[in-house]
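Chain naming here is simple, since letters A, B, ... match the order of the sequence lines and numbering starts at 1 in each. Computed from a predicted model, the values in this text were never measured in an experiment.
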Amino acid sequence: MAAAGAAKATAAAAASPVFRSNQELTRLARSGQLAAARRLFDSMPRRNTVTYNAMLSALARHGRIDEARALFDGMPSRNAVSWNAMIAACSDHGRVADARSLFDAMPGRDDFSWTLMVSCYARAGELDLARDVLDRMPGGKCTACYNAMISGYAKNGRFDDAVKLLKEMPAPDLVSWNSVLAGLTQSGEMVRAVQFFDEMVEKDKVSWNLMLEGFVRAGDLDGASTFFARIESPNVISWVTLLNGYCRAGSIGDARELFDRMPERNIVAWNVMLEGYVRLARIKEACKLFEEMPDKNSISWTTIISGLTRAGKLQEAKDLLDKMPFNCVAAKTALMHGYLQSKMIGDARQIFDGIEVRDAVCWNTMISGYVQCGMLEEAMLLFQQMPNKDTVSWNTMIAGYAQGGQMRKAVGIFRRMNRRNTVSWNSVISGFVQNGLFVDALHHFMLMRRNTTRADWSTYASCLSACANLAALQVGRQFHSLLVRSGHINDSFAGNALISTYAKCGRILEAKQIFDEMVGKDIVSWNALIDGYASNGHGTEAISVFREMEAKKIRPDEVTFIGILSACSHAGLIDEGLKFFNSMEKEYSLKPVAEHYACMADLLGRAGRLNEAFELVQGMQIKPNAGMWGALLGACRLYKNDELAQLAAEKLFELEPHKTSNYVLLSNISAEAGKWDEAEKARASIKEKGVHKPPGLAGST
DNA sequence: TATGCGTAGT
């Protein structure tokens with residue numbers, strides 16, 4: 001009788017308006033329609049705890065943690081689910097301390113709460129703290145809680161601890177086994193994974209799919225397809241995993257064949273296939289597939305719109321977007337991004353303004369678009385208007401000001417940041433380097449270490465560049481050993497920076513040694529070595545490195561030629577230099593740019609072939625820049641050709657009217673030629689034209 | 001109807 005009464009009550013509850021609205025709220029939240037969910041929430045005349053909980057996790061799912069917290073704090077009554085949802089929200093966004101204080105303050109902790117806290121610590125890499133929570137769980141550890149800990153160990157490479165805990169469990173389930181397996185396959189430990197998989201007493205589809213994913217991740221597509229054939233009845237995830245493997249490897253033919261063989265295709269399968277085409281810029285096939293898709297969700301729309309914009313078909317993307325039957329911020333942002341890449345700021349802004357509820361990616365895309373166009377004031381205005389700035393927003397502004405030479409503002413923003421990550425530190429450090437403030441760069445590296453923020457290849461590359469510019473050999477050596485210890489020595493970026501550093505400190509032999517030991521040499525490594533030889537006056541060695549490149553069929557790029565031409569110039573190898581210069585376009589279809597012409601002007605000028613140098617510069621397709629005229633002016637001084645000097649100087653004055661040293665140089669040349677009037681005239685123009693040192697800058701200009 | 005541990009897509 002009691003059961004019948006309860007059933008009646010449940011039926012009555014299910015029929016109630018609050019219950020039905022709650023269901024709808026959950027449905028909207030799960031399909032990603034946050035704006036609609038919030039509208040419904042706001043319009044509900046009566047709400048219960050479930051209503052608040054549903055809204056809370058909807059906000060959390062969209063990363064709106066602060067709003068979720070405000071809702072939580074203002075809730076009329078909270079149950080365990082409310083607390084757990086709030087803890088989960090903090091955990092999902094790395095707010096470990098907040099999660100912990102909620103956990104501590106929570107009145108009646110249940111299994112969910114303990115599991116969440118273990119998982120939160122484990123995902124933050126705080127395995128000992130996670131273990132502490134697990135061990136303190138009253139009334140026996142629950143299975144999910146054990147599993148969270150096992151997963152934490154396995155995902156952090158502590159496989160032995162994971163297995164040990166698994167063996168201690170009174171009743172491990174499939175999730176326990178699969179957690180260990182996932183750790184192995186996801187960290188590429190395929191040998192151990194195969195062994196573990198064979199030893200598993202019980203396996204389900206997840207186990208098989210994890211193994212399959214492991215083969216795909218390792219790039220072993222043959223192994224993956226063989227393994228796939230062994231799966232008794234592969235489910236959609238198995239099919240999609242292999243399909244995704246083919247797509248990522250660019251084997252679009254195999255992918256399509258597999259796709260056509262699939263017994264049932266869900267939307268993820270369609271999206272993977274679509275993304276496969278888009279990735280290879282096969283836009284026609286992508287559009288055809290998109291048309292054929294039985295269901296399209298926001299990911300499908302985002303993929304096709306970004307495919308069209310990447311193919312430069314902005315109008316088609318816009319037309320298609322106008323037909324989108326629902327509101328998808330990501331797809332609109334993709335079009336915005338396309339406009340911004342093409343510097344169509346107005347069109348991008350129009351899309352931005354038309355988006356009702358913008359997410360952080362949307363804001364950040366627009367801000368970064370302004371930054372890339374050098375419109376820092378507009379970027380800053382938008383940044384200030386942005387309601388929930390994330391780390392990316394802050395980092396974008398820091399990098400923007402740093403690249404724009406406004407280090408004071410960059411540092412100001414950096415100091416005001418709450419949660420700095422590696423990128424934040426890298427942005428200020430590389431900003432200092434780009435603006436010539438090398439000591440500040442190294443100082444901030446020390447602060448970064450004190451802050452225990454992890455350094456990456458980019459950090460090391462910037463710091464090494466600072467060392468190179470300061471010719472700080474000893475500090476450079478310290479970074480070298482840091483690179484070895486942190487395992488970044490095999491990153492080509494860091495290795496390349498190390499080559500340049502040793503070369504710029506005059507240690508070309510050590511540079512060569514790094515180069516020889518490097519595993520993944522790329523074109524930048526070769527260029528760094530050539531440039532190193534060139535700047536140390538070893539022209540012939542630079543050329544022989546170039547010959548080695550040719551022998552190994554490594555294509556030189558524009559930068560290679562800058563190095564090689566300056567090597568010829570320093571070594572006085574005029575004819576070789578001319579030959580290299582001529583081969584650029586003929587043999588490698590590389591168009592010479594300003595820097596190459598400047599090298600040639602320098603090369604011919606140093607050899608005293610001033611007339612040829614002038615002809616070259618004046619016959620260029622591009623407008624000569626100050627560097628070229630400067631090189632010629634220097635050469636004129638060396639060879640005491642004051643007539644040509646006058647010509648070069650005039651051009652230089654036009655381009656750099658405020659640079660004092662140009663006037664001084666011409667004055668000296670004229671004086672050396674005995675033309676005192678000319679010399680005096682040049683000196684006088686410094687005062688006449690109001691040439692002066694810019695205020696606030698020490699040293700000469 | 002809302003919250004936790006293991007597998008696929010932007």
Side-chain angles (χ1 to χ4, degrees), chain A residues 10 13-14 16 18-27 29-30 48-58 60 79-89 91-92 110-120 122-123 134 141-152 154-155 172-183 185-186 204-214 216 234-245 247-248 266-276 278-279 297-307 328-331 333-334 361:
Chain A
T10 312
S16 80
V18 184
F19 187 96
R20 281 205 306 274
S21 296
N22 286 347
Q23 274 185 318
E24 175 64 6
L25 187 62
T26 306
R27 192 194 65 78
R30 287 202 177 141
N48 58 20
T49 310
V50 175
T51 319
Y52 280 94
N53 290 347
M55 193 65 227
L56 175 62
S57 51
N79 60 15
V81 177
S82 327
W83 285 89
N84 291 339
M86 197 61 233
I87 294 173
S91 168
D92 284 345
D110 60 9
D111 283 2
F112 281 83
S113 329
W114 289 91
T115 307
L116 275 162
M117 203 58 236
V118 171
S119 161
C120 177
R123 275 189 282 174
L134 176 75
K141 308 169 175 77
C142 71
T143 307
C145 207
Y146 264 119
N147 291 346
M149 191 66 233
I150 291 174
S151 168
K155 285 228 160 72
D173 62 3
L174 269 164
V175 176
S176 328
W177 291 91
N178 287 338
S179 298
V180 177
L181 188 63
T185 57
Q186 285 164 3
D204 68 354
K205 284 282 175 309
V206 174
S207 331
W208 285 87
N209 291 342
L210 275 167
M211 287 298 291
L212 183 63
E213 225 271 320
V216 165
N235 65 11
V236 196
I237 296 185
S238 327
W239 285 91
V240 170
T241 303
L242 187 59
L243 182 70
N244 188 38
C247 287
R248 293 185 88 95
N266 65 7
I267 192 154
V268 180
W270 284 91
N271 284 344
V272 169
M273 194 65 235
L274 185 67
E275 155 73 11
V278 164
R279 183 190 289 270
N297 64 8
S298 57
I299 293 180
S300 333
W301 281 90
T302 309
T303 306
I304 193 70
I305 295 293
S306 94
C328 169
V329 185
T333 306
V361 176

Distance in angstrom units between A:E275 CD and B:dG9 C1', rounded: 8 Å

Over how many whole Å does the gap from A:R20 atom CZ to B:dA2 atom C1' extend? 18 Å

Please check if any side-chain donor atom of A:N244 sits under 3.5 Å from a side-chain acceptor atom of A:T241, or the reverse. no

Applying a 4.0 Å non-hydrogen cut-off, can you work out what [X] is touching in the nucleic acid: base, sugar-phosphate, or nothing?
X      : result
A:K155 : sugar-phosphate
A:N48  : nothing
A:R30  : sugar-phosphate
A:D173 : nothing
A:N297 : base
A:C145 : nothing
A:V50  : base
A:I299 : base

Donor-acceptor contact present, side-chain [X] to main-chain [Y], <3.5 Å:
X      : Y      : value
A:T333 : A:V329 : yes
A:S151 : A:N147 : no
A:N178 : A:L181 : no

Measuring from the side chain of [X] (C-beta onward, heavy atoms only), which nucleotide among [options] has the closest atom?
X      : options              : result
A:N244 : B:dG9, B:dT7, B:dC5  : B:dG9
A:V81  : B:dA8, B:dC5, B:dA2  : B:dA2
A:S57  : B:dG4, B:dT10, B:dA2 : B:dA2

If only side-chain N and O atoms of A:Q186 are considered, is one of them under 4.0 Å from the OP1 or OP2 phosphate oxygen of B:dG6? no

B:dA8 phosphate, OP1 or OP2: any side-chain N/O from A:N209 under 4.0 angstrom? no

Please state whether the base of [N] and the side chain of [X] form at least one donor-acceptor pair under 3.5 Å?
X      : N     : answer
A:N22  : B:dA2 : no
A:D204 : B:dG6 : yes
A:N79  : B:dA2 : yes

So, are A:E275 and A:R279 salt-bridged, with charged N and O less than 4.0 Å apart? yes

